[in-house]
2 protein chains.
Amino acid sequence: MGASVSDIGEETMALRVVGALRDDIVTMALKPGDVISESDIAGRYGVSRQPVREAFIRLAQQGLLLIRPKRATVVKKISPEGVRQSRFIRESIEVEIIRRLAGNGGGEAGRVLGELIAEQEAASSANDSRRFHTLDELFHRTLARLTGVEYAWQLIDDHKMQLDRVRYLTLGSSSSQLAISEHKVIVAAVVAADAAAAEAAMRAHLARAEVLLSQTIAAHPDYFE
Amino acid sequence: MGASVSDIGEETMALRVVGALRDDIVTMALKPGDVISESDIAGRYGVSRQPVREAFIRLAQQGLLLIRPKRATVVKKISPEGVRQSRFIRESIEVEIIRRLAGNGGGEAGRVLGELIAEQEAASSANDSRRFHTLDELFHRTLARLTGVEYAWQLIDDHKMQLDRVRYLTLGSSSSQLAISEHKVIVAAVVAADAAAAEAAMRAHLARAEVLLSQTIAAHPDYFE
DNA sequence: TTTTCCAATCTTGTATGGTAGATGCCATGC
DNA sequence: GCATGGCATCTACCATACAAGATTGGAAAA
């Protein structure tokens, strides 16, 4: 399974269990539809049912678990409609971000984003898809930070976990080169203060995920509702 | 205080406590900064500490409570920056919704929205601000439904509670007539399929909340960080 | 063979006791 | 009078026991 709860770093047992379970779910070590129980996880991690139960509540609120009272708790299957609408939310916010950023004509934006793209190219050349993913996430969060809405990005992070599960299933089908070139177009539009072009580039960049979703559903129908 | 947990309707005790506390917090019966404890609430509602504890966890994840381990649990003060960014998220999504709706040139949209506005005028004439608030919320949610992203609206509902607390503080300073006329402009732009005009009208409509926030902070400084 | 029903055994929900950490008051020493 | 240390008393956290609904299996009856 994933990381052990003996890996310290969190404050309470409950939070450690939350972290361990979330990793297992996002990385598909726990698959959608898998049935777990408080006693099961408690025994596996050497704690009592109490902190496990609280972890379940947290994860259920984040949409990763489904608690069926008096019945069982299952890893929630991925809702295609939920993914679609999570993408809608993300696109709405990111488009707004990119327009404001292009409007402000950020001076340091071009430099910072350029450095990130360079790192992504290095990761892509090294076929380090894990690191590429991290850098891609950092790229988008940096856009939020430059616009002064980093907290807003954190707010949608929960819903992004649904997208991450899909993303994990598609690892290796790396179109990282394509993503990098798309990033370059976005940054170019921002430094040129061309809001319309930046918006169009961002929409095209995000739209590519749509076909990935269809392919993933076809490849793993059991993981979806 | 607010509603009693003896008001049935929820499945478990914990969920009943969640509902009761959330109502008390949003309606300012429990004020930002108020200190509560598991034993306190448990005794007040006649349940054990366990379901109260689980209710605290849920409300903490929704940003209404702040659990300080081994210290205390307090009603979270309203973060002006959080409110600002919650509004950013809402504006991003609502603008995207209104643009798509105008683009589709919804046939039934005009009729449905027109009926809602008529009801709002009735509520406004009767000085029923409570009902007006409900109808206003329904107006915006209907926009989401007509665009096919009602689920997305539900996703941002949690963060909207922060805005609702501010809104509750401003009840009575009713500019409902202004809101109604703004709604009319939005609907007119939608039926005319004028996306740009619809977007501008929506931004203007939401921008009005900004000044309300400043006034509210000045009137109740203790409730904000 | 098919259907029905009951009981063993799962599950989550709730109650309670004990533990460790944080706080604040108060006495003690200066 | 003032600073300091210890103790009473809070808090949330965790473990354990019990309760009650849901499921499943098999036995018994049709």
Side-chain angles (χ1 to χ4, degrees), chain A residues 3-22 24-25 30-77, chain B residues 3-22 24-25 30-77:
Chain A
S4 166
V5 274
S6 60
D7 302 347
I8 56 175
E10 299 289 349
E11 281 294 336
T12 68
M13 287 287 184
L15 289 180
R16 268 181 272 190
V17 175
V18 167
L21 285 178
R22 185 180 46 215
D24 287 345
I25 293 173
L30 283 173
K31 305 183 192 311
D34 279 359
V35 176
I36 58 183
S37 78
E38 297 173 0
S39 321
D40 177 21
I41 303 297
R44 189 176 307 174
Y45 288 149
V47 297
S48 87
R49 269 184 53 211
Q50 189 61 31
V52 174
R53 175 175 177 75
E54 297 174 2
F56 279 17
I57 292 176
R58 287 182 163 92
L59 293 170
Q61 278 209 330
Q62 296 177 6
L64 294 181
L65 291 182
L66 176 63
I67 300 176
R68 304 196 306 172
K70 307 290 181 68
R71 269 177 285 271
T73 297
V74 301
V75 179
K76 205 169 184 181
K77 293 202 175 186
Chain B
S4 165
V5 276
S6 62
D7 302 346
I8 56 175
E10 299 291 349
E11 281 294 335
T12 67
M13 287 292 183
L15 289 180
R16 267 181 273 189
V17 175
V18 167
L21 285 179
R22 184 179 47 216
D24 287 345
I25 292 173
L30 283 174
K31 306 186 190 311
D34 280 359
V35 176
I36 58 182
S37 77
E38 296 175 359
S39 322
D40 177 21
I41 303 298
R44 189 178 307 175
Y45 287 150
V47 297
S48 84
R49 290 172 5 236
Q50 187 61 30
V52 173
R53 173 176 176 75
E54 297 176 1
F56 279 16
I57 292 175
R58 287 181 162 92
L59 293 169
Q61 276 211 330
Q62 296 177 8
L64 294 181
L65 291 183
L66 175 63
I67 300 177
R68 304 197 305 174
K70 306 291 179 68
R71 269 177 284 271
T73 297
V74 302
V75 179
K76 204 169 184 179
K77 293 202 175 186

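Below, chains carry the letters A, B, ... as their sequence lines are ordered, and counting in each starts from 1. Quantities reported herein were computed from a predicted structural model and do not represent experimental measurements.
- Within the structure, the salt bridge (Lys or Arg N to Asp or Glu O under 4.0 Å) test picks out no pair touching residues 60-76 of chain B (sequence neighbours left out).
- Looking only at side-chain heavy atoms (C-beta outward), B:Leu59 and B:Val18 come within less than 4.5 Å of each other.
- Taking every heavy atom of residues 63-74 of chain A and every atom of DNA chain D, pairs under 4.0 Å involve A:Lys70, A:Arg71, by number.
- Qualifying salt bridge (Lys or Arg N to Asp or Glu O under 4.0 Å) partners for A:Arg53, counting only residues two or more places apart in sequence or in other chains: A:Glu38, B:Glu54.
- Of all non-hydrogen atoms in A:Ser39 and A:Arg49, the two that sit nearest each other are OG-CD, 3.9 Å.
- Counting only residues at least two apart or on different chains, no side-chain hydrogen bond (donor to acceptor under 3.5 Å, both in side chains) pair has a member in residues 57-67 of chain B.
- Counting all heavy atoms, side chain and backbone alike, B:Leu65 lies closest to B:Val75 at CD2-CA, 3.9 Å.
- Across residues 50-62 of chain A, A:Arg53 each have a non-hydrogen atom less than 4.0 Å from an atom of DNA chain C (numbered order).
- Closest approach of B:Lys77 to B:Pro32, counting heavy atoms only: CA-CB, 3.7 Å.
- Annotation: proximity of residues 33-43 of chain A to DNA chain C (heavy atom, distance under 4.0 Å) is found for A:Ile36, A:Ser37, A:Glu38, numbered in ascending order.
- Among residues two or more places apart in sequence or in another chain, the salt bridge (Lys or Arg N to Asp or Glu O under 4.0 Å) test is passed with B:Asp34 by none.
- Put simply, chain B comes within 4.0 Å of DNA chain C, heavy atom to any atom, from C:dG13 to C:dT23, going 5' to 3'.
- You'll find the side chain of A:Phe56 reaches within 4.5 Å of the side chain of A:Ile67, heavy atoms only.
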